[in-house]
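Residue numbers begin at 1 in each chain, while the letters A, B, ... track the order of the sequences. No hydrogens, no waters, no symmetry mates; every other heavy atom, side chains included, goes into these values.
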Amino acid sequence: MSSAESNAPVRADEVRYNPAEIEPRWQARWDADPALYRAEPMTSPKPKYYCLSMLPYPSGQLHIGHVRNYSIGDSLARYMRMKGFNVLHPMGWDAFGLPAENAALKNSTPPREWTIKNIAQMKVQMGRLGLSFDWADTEVATCLPEYYRWNQWFFLKMYERGLAYKKSAKLNWCPKCATVLANEQVVGGCCWRHEDTLVEQREMQQWFLRITAYAEELLDGLDKLPGWPEKVRTMQRNWIGRSDGTEVVFAVEGGASATVFTTRVDTIFGATSLQLAPEHALVKQWAETDAALAAAVDEMVAQQQAAKEAGDIGNIEKHGVFTGKHAVNPFTGQTVPVWVANYILADYGTGAIMSVPAHDERDFEFATKYGLPIKRVLAPASSGGAQDESGDLALPYTAEEEAVLIDSGDWSGEASLEAQEKMGKFAEEKGFGKRTTTFRLKDWGVSRQRYWGTPIPIIYCEEHGAVAVPESQLPVLLPENVQITQEGGSPLGKVEEFVNVVCPTCGKPARRETDTMDTFVDSSWYFYRYTDAHNDAAPFSSEKANYWFPIDQYIGGVEHAILHLIYSRFWTKVMRDLGLIKNDEPAERLFTQGMVIKDGAKMSKSKGNVVSPDDMIGRYGADATRMYALFAAPPDRDLEWQEEGVAGVSRFLARVYRLAVKFAPLVKSVEKVKGDEISPAAFAGQTEQGAKLLRTLHQTIAKITEDFAGRWHFNTCIAAIMILVNEVAAAEPAMEAGEVAPVTVAEIFHTLTLLIAPFSPFLAAELWEMLGGHGLILDAAWPVANPELAKESELEIPVQANGKLVVVVKVPADADEEAIKAAALADEKVQQRLEGKQLVKTLVIKGKLVNLVVK
RNA sequence: GCGGUCGUGGCGGAAUUGGUAGACGCGCAGCGUUGAGGUCGCUGUGUCGCAAGGCGUGGAAGUUCGAGUCUUCUCGACCGCACCA
């Protein structure tokens with residue numbers, strides 16, 4: 001096919017679209033210019049646009065989900081650039097993490113070497129896809145000291161401010177990872193990386209980041225993110241799990257007290273017992289001298305554990321045991337028994353509740369099982385709050401909006417919601433309680449007992465305890481040549497020269513922290529580093545970050561809705577409070593693309609339904625692969641990968657190529673065009689065919705431009721381009737015969753090339769040059785739809801009878817209602833339909849349709 | 001259980017505000033081109049029917065001149081959360 005480039009006359013039927021020849025040729029030209037995709041400096045008069053796709057883990061192989069993600073992002077970046085924006089389109093590598101260690105175990109390659117090699121491979125794949133990333137200025141690999149030293153720096157800043165702290169806690173432990181997991185990394189009781197591996201609980205000393213300090217702001221901020229999918233916002237809301245209620249202190253016999261948390265303090269007169277979590281401090285204390293209680297408690301802890309591991313804690317059979325103790329309800333002065341129950345969670349609220357069987361489902365179930373009294377203290381407002389309500393009201397009665405207190409002393413007759421407020425205040429005044437807010441969100445445990453991560457910059461001194469590594473000593477370098485094992489305990493602990501240091505405070509021998517940071521630390525702020533990736537004096541320049549932030553569009557998988565996206569928001573708020581940035585939120589708009597599935601299932605090696613991007617590119621080219629990824633479904637939905645579909649897109653591109661080759665000489669002969677705007681006057685006096693082509697062309701421009709503005713239904717954009725090309729192909733004989741003005745032919749091919757440029761950059765570049773376009777198509781201006789040229793001269797008006805279609809009539813575009821009505825009634829079929837019937841009403845929707853109401 | 005998303009041809013999917021349901025592509029069928037092949041071209045393709053004409057957006061009802069679209073109920077699929085007090 002290389003002879004197609006020669007000067008010999010080319011017979012149209014000999015020209016073949018050959019992406020295997022076109023794409024590498026253009027890639028080589030693009031690779032030769034590292035500044036090609038560089039953003040302009042902050043002084044640029046253009047408005048900025050930060051287009052960000054989530055960075056991949058360098059597994060060594062791009063998968064088809066990446067192709068989809070980056071096809072969306074790259075099309076957007078190219079489009080925005082053509083629209084005249086100063087576009088930042090960076091890429092990097094989330095390069096720390098366990099797979100590198102596993103690979104090291106398997107084929108004794110050091111994690112660093114393995115990772116660097118994978119990065120190189122994936123970069124080649126991205127290059128083949130023609131992705132317009134600004135590698136030279138932005139590329140970040142989180143496993144390099146130039147990056148992770150700033151993780152350490154941030155950690156120290158947080159430590160200074162009390163946002164990083166160490167405590168002993170029960171933590172999620174994945175036996176396969178041989179490390180601790182954050183709550184966010186436990187999925188259905190299993191490890192997020194090992195879906196079949198149950199997470200165990202271990203008591204350990206761990207570093208935590210105080211994300212709960214921002215719980216309220218993280219929650220409230222969600223309302224200010226209209227550009228984020230509702231689904232993600234809902235998931236985050238649930239995850240943060242705010243719950244407003246009241247803490248009430250019950251005095252317990254023996255001089256102790258137990259604080260309960262309740263959202264329904266209005267039902268406190270119905271509390272017939274106190275229920276403590278098995279791990280509650282009081283229970284532990286009592287168990288020391290009560291062997292029977294201790295045994296019962298141990299059993300309950302085991303049950304909770306087992307249920308949690310089975311991912312079935314919601315359905316655990318409720319068990320409890322009476323402690324023999326009693327407590328005093330401060331509202332009633334009455335004494336209630338104190339129980340321990342396995343359905344009370346130690347780590348939520350205060351680990352203690354008041355049990356109100358009449359108005360809580362769980363309490364009801366429990367009280368019924370153990371024969372505890374059930375006392376009603378609420379009635380539906382409709383019953384007037386009568387004290388002697390007939391009693392046939394089904395219990396538990398949990399409504400609060402319609403409910404009125406009964407049998408509740410001075411509070412009887414109050415509406416539930418008001419009572420909650422007033423009783424909370426009352427408790428506060430009397431000093432036995434207060435209104436509080438509880439969050440489900442827990443602090444973020446960031447210690448990992450792994451090698452391939454950021455060393456935590458802390459030194460333990462016998463005299464001074466945990467001492468921060470001085471900033472001047474950063475980075476704490478991750479040592480090379482470390483023996484990786486899958487046994488428990490940090491691999492770094494075995495590296496003497498790493499562990500043994502001197503205390504920065506007193507200079508005496510001390511030990512380094514041997515845990516590394518969760519890799520989600522790396523990805524919590526990487527997009528800031530992109531703006532100033534080579535800065536060795538600071539994580540980034542505030543000036544640059546403030547220019548580029550917030551991210552205008554963030555694109556990635558919905559699987560990060562909780563983990564990465566909540567940590568990133570947290571990190572942004574911390575950085576703002578450190579004075580580094582001004583924005584409160586990292587990204588203005590978030591787009592979560594759907595999964596790519598094959599044969600109805602998620603791709604996985606075990607199912608053998610994995611599609612290889614290299615294979616697709618090799619067979620159909622990068623343009624066809626990318627375009628198919630956008631064409632097969634709207635980007636937010638799951639996409640079923642069908643190879644025949646890629647072939648279809650490839651056929652389409654081949655048709656475009658063949659037509660362009662054929663008409664290139666004609667297009668080039670039109671001196672005026674070459675990417676300049678042509679005045680609409682130049683198109684006056686068209687043949688009907690020419691006018692029709694121009695009309696479709698400008699309708700297509702309008703459609704795609706509109707879609708890029710927010711709807712993002714690229715599947716219909718590409719469909720629209722196909723319609724246009726089908727029409728051009730149908731007009732081929734007419735164009736050959738000179739029945740379409742050359743200026744129109746030129747306009748069509750130039751514009752068509754611009755329209756496909758965001759989606760299939762290789763072919764667009766090839767055609768742009770072939771057609772004599774000025775400069776790089778990358779920098780060409782996006783076409784502007786001309787409404788005059790897009791306007792239909794004739795409208796097709798459906799005529800309905802009682803809402804059912806009878807016929808479609810053609811009317812001039814400017815026909816008024818009367819004219820449309822007349823045309824409809826004049827139609828033969830309509831007349832037939834009306835025969836013998838009475839026309840009750842005629843509805844004419846201008847430019848849309850006619851509906852005849854007939855009896 | 002709670003929250004969310006979604007049910008349209010043989011398949012992926014169109015129909016943005018209620019206004020011609022099935023665009024575009026795949027697949028399939030027929031014809032053509034080619035020495036042959038198909039990542040080629042053309043034509044057809046919701047369904048019943050020879051046709052005229054019916055019927056059709058998971059199901060039922062409602063609002064409306066008109067409903068895939070709005071409302072209520074219901075069935076199903078997928079995703080997230082789940083003794084959260």
Side-chain angles (χ1 to χ4, degrees), chain A residues 13 16-19 187-188 229-235 237-239 241-243 245 260-264 275 304 307 311-318 341-345 347-356 360-363 365-366 438-440 558-559 561-562 594-595 619-621 624 628 631-634 636-655 658 703 706-707 710-711 713 715-723 726 729 796-808 840-843 845 847-854:
Chain A
D13 54 6
R16 281 256 165 108
Y17 169 56
N18 186 6
V187 180
E230 189 52 48
K231 179 185 174 159
V232 172
R233 292 195 285 164
T234 305
M235 281 168 74
R237 254 180 224 120
N238 292 340
W239 188 262
R242 179 192 170 116
S243 151
V260 305
F261 175 73
T262 177
T263 54
R264 296 299 303 271
Q275 301 287 345
Q304 279 190 342
D312 201 23
I313 197 145
N315 298 320
I316 186 174
E317 165 82 19
K318 289 181 180 50
N342 66 348
Y343 71 100
I344 308 303
L345 305 172
D347 59 359
Y348 185 78
T350 57
I353 65 149
M354 60 177 201
S355 176
V356 185
D360 181 278
E361 274 173 39
R362 291 153 302 167
D363 294 346
E365 188 188 332
F366 189 84
T438 294
F439 293 94
R440 206 188 76 109
V558 75
E559 64 272 19
I562 303 286
M595 273 191 317
R619 239 180 287 184
Y620 305 101
Y628 175 74
F631 177 63
D636 55 337
R637 275 215 240 167
D638 285 353
L639 180 158
E640 167 81 29
W641 194 271
Q642 292 178 326
E643 194 171 327
E644 297 82 2
V646 189
V649 170
S650 169
R651 269 196 292 275
F652 160 72
L653 293 174
R655 197 173 321 143
R658 186 185 65 78
K703 195 247 175 308
E706 201 181 322
D707 246 298
R711 209 170 76 116
H713 281 196
N715 54 331
T716 60
C717 291
I718 293 165
I721 299 174
M722 287 174 171
I723 292 170
N726 289 346
E796 295 193 336
I797 304 290
V799 182
Q800 302 176 332
N802 296 335
K804 300 238 171 192
L805 183 70
V806 177
V807 74
V808 178
V840 182
K841 198 171 161 192
T842 307
L843 274 124
I845 314 295
K848 280 268 170 76
L849 62 28
V850 177
N851 192 11
L852 308 168
V853 185
V854 176

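- Here E706(A) lies in heavy-atom contact (under 4.0 Å) with a base.
- For G25(B), one of the phosphate oxygens OP1 or OP2 lies less than 4.0 angstrom from a side-chain nitrogen or oxygen of N726(A).
- Using Watson-Crick or G-U wobble geometry with both donor-acceptor distances under 3.5 Å, A82(B) finds no partner in any strand shown.
- Residue contacts shown for Q800(A) include a base, since a base heavy atom lies under 4.0 Å away.
- Residue R711(A) has a polar side-chain atom (N or O) positioned under 4.0 Å from OP1 or OP2 of A15(B).
- Distances shown here put a side-chain N or O of Y348(A) below 4.0 Å from the OP1 or OP2 atom of A85(B).
- Within the nucleic acid shown, N342(A) comes within 4.0 Å of at least one base atom, counting heavy atoms only.
- In this structure U39(B) sits in no base pair that meets the Watson-Crick or G-U test at under 3.5 Å.
- Of the candidate nucleotides A21(B), G27(B), G19(B), G19(B) has the atom lying nearest to any side-chain atom of N851(A).
- Which of C83(B), G27(B), U39(B) sits closest to the side chain of L345(A) comes down to C83(B).
- Of the nucleotides present, none pairs with A23(B) by Watson-Crick or G-U wobble criteria with both distances under 3.5 Å.
- Residue L843(A) is classed as a base contact, given a heavy-atom separation below 4.0 Å to a base.
- In this structure, the nucleotide among G19(B), G13(B), A85(B) sitting nearest to the side chain of P634(A) is G13(B).
- U69(B): no Watson-Crick or G-U partner with both key distances under 3.5 Å is found in any strand.
- In this structure, G241(A) reaches neither bases nor backbone, as no heavy-atom distance under 4.0 Å exists between it and the strands shown.
- Here the side chain of F631(A) is nearest to one of G19(B), G80(B), G25(B), namely G25(B).
- Listed nucleotides C79(B), C11(B), U16(B) differ in distance to K703(A); the shortest reach to its side chain belongs to U16(B).
- Of all heavy-atom pairs between F631(A) and N715(A), the closest is O-CB, 3.2 Å.
- Minimum heavy-atom separation, H713(A) to D707(A): N-OD1, 2.8 Å.
- Using a 4.0 Å heavy-atom distance criterion, R637(A) is classed as a sugar-phosphate-only contact.
- Heavy atoms of I344(A) sit under 4.0 angstrom from at least one base atom.
- Ring geometry for Y348(A) versus F261(A): interplanar angle over 60°, hence perpendicular rather than tilted (30 to 60°).
- Using a 4.0 Å heavy-atom criterion, one finds that E796(A) contacts the bases of the nucleic acid, with or without backbone contacts as well.
- For E365(A) and R362(A), the salt-bridge test fails: no basic side-chain N is under 4.0 Å from an acidic carboxylate O.
- Looking at heavy-atom distances under 4.0 Å, A632(A) makes contact with sugar-phosphate atoms alone, never a base.
- Using a 4.0 Å cut-off, some side-chain N or O of K804(A) falls inside it from OP1 or OP2 of C55(B).
- Looking at heavy-atom distances under 4.0 Å, N715(A) makes contact with sugar-phosphate atoms alone, never a base.
- Here the side chain of R362(A) is nearest to one of G12(B), G25(B), A85(B), namely A85(B).
- Listed nucleotides: G19(B), C83(B), G25(B). Nearest to the side chain of L849(A): G19(B).
- Residue whose closest nucleotide on RNA chain B sits further toward the 5' end, between N802(A) and K848(A): K848(A).
- Closest approach of M354(A) and D363(A) over heavy atoms only: O-OD2, 3.7 Å.
- At A85(B), one or more side-chain N or O atoms of S243(A) fall inside 4.0 Å of OP1 or OP2 (strictly under the cut-off).
- K318(A) contributes a side-chain N or O that forms a donor-acceptor pair with the base of C83(B) under 3.5 Å.
- Residue-level contact check: D638(A) touches the backbone only, with heavy atoms under 4.0 Å from sugar-phosphate atoms and none from bases.
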